[in-house]
Novice: 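One structure coming up, written as structure tokens, with questions to follow.
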Amino acid sequence: MTTYGTIPSSSLGGTNVEYLSRAKARIKSGLGTRRPWKQMFNLGSVDFPHGVSDAFSRIRTNVGYFRMNYVIIMLFILFLSLLWSPISLIVFVVMMAAWLFLYFLRDEPLVIFNRTIGDRAVLLVLSVVTIVLLLLTGVTWNILSSILIGLVVVVVHAALMNTDDLSLDEETGDYFLSS
């Protein structure tokens with residue numbers, strides 16, 4: 001009787017595949033908080049606020065509801081501002097990859113030289129390195145103007161979007177579209 005060998009259940013690349021599948025799941029869950037663009041740009045929901053307090057209330061509600069959409073818009077505006085500076089664009093893409101792998105997609109604590117590095121330290125170091133590298137590429141005004149333009153776009157959108165059809169979930173503190 002002939003017996004055949006078994007196929008190993010994990011290979012040397014198994015940990016990489018496992019890491020990539022976890023990373024993919026975390027990206028999907030992060031982007032899962034993104035609201036549909038059709039809902040965000042619904043012209044039927046555009047209305048001027050009735051006063052300053054109403055505008056601030058709308059901004060607070062819409063920023064909570066469309067948070068991921070606003071982050072994507074801000075990053076897209078920053079990306080567009082760096083198109084004319086290829087070195088800065090390369091630095092931006094490399095730093096985004098560093099942010100993804102060192103901060104957002106990490107499951108376990110970061111260990112360097114047998115010392116555990118906390119999330120705050122990673123956040124601080126990545127922020128400083130990102131800012132310094134982008135400033136060293138000579139695009140300070142591009143970055144500042146794109147952040148300012150992005151903030152203006154977000155605040156104007158958040159102030160003009162009517163929040164009457166959004167409700168607060170008391171348990172999670174998140175807003176949702178009420179039917």
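Only this structure's heavy atoms are used, side chains among them; waters, hydrogens and symmetry mates stay out. The chain is numbered in sequence order, starting from 1.
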Novice: Identify which one of V156, V155, V154 satisfies the side chain to side chain contact (heavy atoms under 4.5 Å, CB included) criterion when paired with V152.
Specialist: V156
Novice: Donor-acceptor pair, distance only, cut-off 3.5 Å: does the side chain of R67 make one with the backbone of G64?
Specialist: yes
Novice: Is the count of non-hydrogen atoms from other residues, nucleotides or ligands lying under 6.0 Å from L75 atom CG greater than 12?
Specialist: yes
Novice: Given the rule that I, L, V, M, F, W and Y join up when any side-chain heavy atoms are under 4.5 Å apart, are W99 and M96 in one cluster?
Specialist: yes
Novice: From S127 OG over to L124 CG, what is the distance, rounded to the nearest 0.5 angstrom?
Specialist: 6.5 Å
Novice: What's the shortest heavy-atom distance between L151 and M74, and which atoms?
Specialist: N-SD, 3.5 Å
Novice: Could you state whether L160 and V153 fall into the same hydrophobic cluster, counting links through intermediate Ile, Leu, Val, Met, Phe, Trp or Tyr residues with side-chain heavy atoms under 4.5 angstrom apart?
Specialist: no
Novice: Say whether, by atom type as modelled, one donor and one acceptor occur between the side chain of S57 and the main chain of S53 under 3.5 angstrom.
Specialist: no
Novice: Report, as yes or no, whether the 6.0 Å neighbourhood of atom CZ on F41 holds more than 12 heavy atoms from other residues, nucleotides or ligands.
Specialist: yes
Novice: So do V63 and R58 actually touch side chain to side chain, heavy atoms under 4.5 Å?
Specialist: no
Novice: Determine whether W37 and M40 make a side-chain contact, defined as any pair of heavy atoms from C-beta on separated by less than 4.5 Å.
Specialist: yes
Novice: Does N142 reach the main-chain N or O of L82 with its side chain, forming a donor-acceptor pair under 3.5 Å?
Specialist: no
Novice: For the CG atom of L133 and the CD1 atom of I87, what is their distance to the nearest 0.5 Å?
Specialist: 12.0 Å
Novice: Nearest 0.5 Å, what's the CG-OG1 distance between L110 and T116?
Specialist: 8.5 Å
Novice: Atom CZ in F92, atom OG1 in T137: separation rounded to 0.5 Å?
Specialist: 11.5 Å
Novice: Would I90 end up clustered with F76 when hydrophobic side chains under 4.5 Å apart are linked, directly or stepwise?
Specialist: no
Novice: With the 4.5 Å side-chain cut-off for hydrophobic clustering, are F79 and I77 part of the same group?
Specialist: yes
Novice: Where is the tightest heavy-atom contact between F66 and Q39, given as atom of each residue plus distance?
Specialist: CZ-O, 4.3 Å
Novice: Given the rule that I, L, V, M, F, W and Y join up when any side-chain heavy atoms are under 4.5 Å apart, are M161 and I59 in one cluster?
Specialist: no
Novice: If I take atom CD1 from residue I149 and atom CG from residue L78, how far apart are they, to the nearest 0.5 angstrom?
Specialist: 11.0 Å
Novice: Out of curiosity, L135 CG to T130 OG1, how far, rounded to the nearest 0.5 Å?
Specialist: 10.5 Å
Novice: Any idea which heavy atoms bring A158 and N62 closest together, and the distance?
Specialist: O-ND2, 2.7 Å
